[in-house]
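Worksheet: the structure to be examined is printed underneath.
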2 protein chains.
Amino acid sequence: MPKVETFNRNTVLQKATEVFHKKGYNGTSMQDLVDATDLNRSSIYNSFGSKLNMFLEVLSHYQSIYGNSFSQKLAQSYNATEAIEAIFDLYIHEIINDNDRKGCLVINCKSEMTNQEPLIKSFMEKNQDRMIAMLEDIVTKGQMEKIFNQNQTAGQYALYLFSSIQGLRMTGILNKNENDLRNLTRTVLKVLY
Amino acid sequence: MPKVETFNRNTVLQKATEVFHKKGYNGTSMQDLVDATDLNRSSIYNSFGSKLNMFLEVLSHYQSIYGNSFSQKLAQSYNATEAIEAIFDLYIHEIINDNDRKGCLVINCKSEMTNQEPLIKSFMEKNQDRMIAMLEDIVTKGQMEKIFNQNQTAGQYALYLFSSIQGLRMTGILNKNENDLRNLTRTVLKVLY
DNA sequence: CTTATAGTGAAATGATCGTTTCAAAAATAA
DNA sequence: TTATTTTTGAAACGATCATTTCACTATAAG
């Protein structure tokens, strides 16, 4: 039987995520990844195949961590208002704690690679579908509870919220004033009520 | 007296803009620029100094073209409603005509380089100030004309609109459905009335 | 304890990176 | 025409790129 993988795959992915997040895909070299993960070059290729493949795993890793945060917040919410506010609140915290102004790994990658790498494009399409589905769920519940209006369909509001989140995340790269961001969020959500 | 520059600087900048826009800064090589501009390597360094410096000129070039479009649209507007709708309309057209899904050069660069290059960071800060000032102007006029409400200050609405534009531009990378985008815009602007 | 299997380390692969060098060519002023 | 100035073209710079190679080592089943 073979010698078994000695490193912790999640720890390695976490380290790789940090590098890619800080420098972007094209700005990250294999040497950067070797240094960050403390893995040997050949071990990386052995375990992840290629730089692009490792990056795709990093994206999924990052996405699943976000997904867990979402699930946790949503489980704690009593109604649609709390749910949607919890989501935006989560992003505001991400922004404020992002001391390096790295922005969101997924959004950065979307703008860097969607038009260049088919695998990235399809990841982004799935990511968008997933996000919009989650937001549509919340809006639908809010409309059934008569908390949100029905001026637009849940799907339309979901796209609007998805777009607003991306805007918030981009704005937060340079503006990390909590009052500004909270006010911005309030303005975004006002149209729902 | 010296031999004079034979190439048209604006044409060269336009060609360089296309490459940087398509591939991003880190994804663009000097060879790409040599190929695209039909200039010799040494001529590029002679005229632009470095890759980063050329990119900064490209950014300004791109920004000034956008600025001219804005000025033109604003000059044709009779009131604040027309003005703000013209701005968003301009972005929707940009999105729909962006067949390569490249997104916005400035936004792409913001997410790729703001945390890595101080010169880019300061460009982005000025860009943000300029955009918000323009939007604040429109909102102020709209509020004076009693077309827009005063629930938020013009500055707060300007940040909201700036954020919404970035979101729209990011959303438009994958969603180029005109109905969706127009509806999204309508939802964004509704809060002003 | 052998043997099969796979992770590891270090070096090397050829290609490409951004930038520099320098002689030749071109253009104007004297 | 000659002197001066600057753009060119082509080659070369060392560094770094993503990836491969392969001998070596560690593991666990037989």
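In what follows, chains are A, B, ... by sequence order, proteins preceding strands, each numbered from 1.
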Which residues satisfy the side chain to side chain contact (heavy atoms under 4.5 Å, CB included) test with [X], sequence neighbours excluded?
| X | value |
| --- | --- |
| A:N79 | A:T81, A:E82, A:E145, A:I147 |
| B:D137 | none |
| A:S60 | A:F123 |

Quiz item: Tell me, which of residues 37-46 of chain B have any heavy atom that sits under 4.0 Å from an atom in DNA chain D?
Solution: B:N40, B:R41, B:S42, B:S43, B:N46
Exercise. Using the ring pair (Phe, Tyr, Trp, His ring centres under 6.0 Å) rule, collect all pairs that involve residues 32-51 of chain B, keeping only residues at least two apart or in two chains.
Key: none
Practice problem: Can you tell me which stems DNA chain D forms, taking runs of 3 or more consecutive Watson-Crick or G-U pairs with both distances under 3.5 Å? | Solution: C:1-6 with D:25-30, C:8-17 with D:14-23, C:19-30 with D:1-12
Quiz item: Which residues satisfy the ring-ring contact (aromatic ring centres under 6.0 Å, His included) test with A:Y66, sequence neighbours excluded?
Solution: A:Y62, A:F70, A:Y91
Quiz item: What residues form a ring-ring contact (aromatic ring centres under 6.0 Å, His included) with A:Y193, not counting sequence neighbours?
Solution: A:F148
Quiz prompt | Interatomic distance where CE belongs to A:M54 and C1' belongs to D:dT19 [whole Å] | solution = 14 Å
Side-chain polar contacts of residues 113-121 of chain B - donor-acceptor pairs under 3.5 angstrom, sequence neighbours left out - could you list them?
{"from": "B:T114", "atom 1": "OG1", "to": "B:K110", "atom 2": "O", "distance (Å)": "2.7"}
{"from": "B:N115", "atom 1": "ND2", "to": "A:K22", "atom 2": "O", "distance (Å)": "2.9"}

Quiz item: For A:K15, what residues pass the salt bridge (Lys or Arg N to Asp or Glu O under 4.0 Å) criterion, not counting sequence neighbours?
Solution: none
Using nucleotides 13-17 of chain D, report all nitrogen or oxygen pairs with the protein that are shorter than 3.5 Å.
{"from": "D:dC17", "atom 1": "OP1", "to": "A:S29", "atom 2": "OG", "distance (Å)": "3.2"}

Result block: side-chain N/O donor-acceptor pairs under 3.5 angstrom for residues 125-133 of chain B, not counting sequence neighbours:
{"from": "B:R130", "atom 1": "NH2", "to": "B:Q63", "atom 2": "OE1", "distance (Å)": "3.3"}

